[in-house]
Amino acid sequence: MKASMYEGNQKIALHEIEPTEPGPHEVRLKIAYCGICGTDLHLFKGGLDYRIKNIPQAIGHECSATVDKVGSEVTDWKPGDRVVVRPLDYCNECVACKAGHSHVCANLKFMGIESPGAFQNFWTVHERTLHRIPDDLSLLHGALVEPLAVCCHAASRGEVKSGEYAVVIGGGTIGLMTALVLKYRGLKVVVSEINPNRLAKVQSMGIDTINPKETDVLEYVKNWTNGDLVDVVFECSGAQPALDTVPWLCHPRGRVVLEASYPHPMQYFFREHFMREVNIIFTRVYEAVDYEEALDMMSKNPFNCDDLISEIIPLGKVQEGIETCLDPAGKVVKIMVDCQSQE
Ligand SMILES: [Zn+2]
Ligand SMILES: [Zn+2]
């Protein structure tokens, strides 16, 4: 079978490898689609080499699939079942796992970084990572569940309530999907973004935008909320100029949810939060419940999933897909890899 493997030095190529037989609690999946994620871009540029044990390695983690073969102890799944994978491998023994927070396990391995990923014809995974795709959701759209679950988790971490005001900073894939989740949950949402292509995409999906290069975000927020300021800010840009605005945007006892990964030290003006007891909340990946919420949300069709898919490319073109995503023009929301089509 074919696998698209990261070789280091900004190189990804198709390799011929043997499919892995499923162990007793494992399931071999025939991968349908797998989205290219910001994490894959970071990995491609070498930023995660310290986490990859064996290069070359198959990467990718946002997939949909059908079950191909099940291990001897697997009872919940059978060949032909349509699934998505929650790509977290946790220890079940550390303090986080014992408290029920296995998504932030102290020994967490992210499948597609610390172990082989989904850009392959077949992928063998533990049965506990699987969620069933509802009948009315296609395999193509199912591959959007992983990034949507990131945003469902962020919304839950932010304890959002219907009717609240929210600013989302950054209109890339995660910012846009966060805004879609917040709107679905009944919040009033505006997205702050400077890239014209991203602004147009966010607007085309029915969400209001502000361009901080043209409009003062704090003034906008004051007018929008009759001077009250917003209940919650979602920071999805990871950019310092965004962090320079955030502390002023929400009201006393409001919440700031930091959704970016911040690989470098950043500056943040905490006094404004101290004065108003604003909570800063970090959010990372997802839990099983977030996958279920994302699947349920998508099967209710609150937005057109096709609007999020910019292009479908074959497994042999992952490198070109990543290079397209890296273009700062920001024309791409999600590139999907058809993992059964080689060329
Ligand atoms: Zn991802
Ligand atoms: Zn653990």
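Just follow the structure's listing: the first ligand is 1, and inside any ligand the first atom is 1. Heads up: numbering here begins at 1 and tracks the sequence. Both backbone and side-chain heavy atoms feed into the values below; hydrogens, waters and symmetry mates do not.
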* Structure fact -> With rounding to 10 degrees, Cys37 SG, the Zn ion (ligand 1) and His61 NE2 define an angle of 100°
* Structure fact -> The atom of Glu146 among N, O or S that is nearest the Zn ion (ligand 1) is OE1
* What's the SG-the Zn ion (ligand 2)-SG angle here (Cys105, Cys91), rounded to 10 degrees? -> 100°
* Test of ring centre spacing under 6.0 Å for Tyr291 and Tyr286 -> yes
* Asked: Under 4.0 Å between a Lys/Arg side-chain N and an Asp/Glu carboxylate O for Asp231 and Arg255?
  -> no
* **Sidechain N-carboxylate O distance under 4.0 Å for Lys183, Asp208** => no
* With a 6.0 Å cut-off on ring centres, are His273 and Tyr268 close enough? -> yes
* Have a look at Glu62 and say which of its N, O or S atoms is nearest the Zn ion (ligand 1). => OE2
* Asked: Got a salt bridge between Arg185 and Glu164, using NZ or NE/NH1/NH2 to carboxylate O under 4.0 Å?
  -> no
* Asked: Is the Zn ion (ligand 1) less than 2.8 Å from an N/O/S atom of Asp40, whether that atom is in the backbone or a side chain?
  -> no
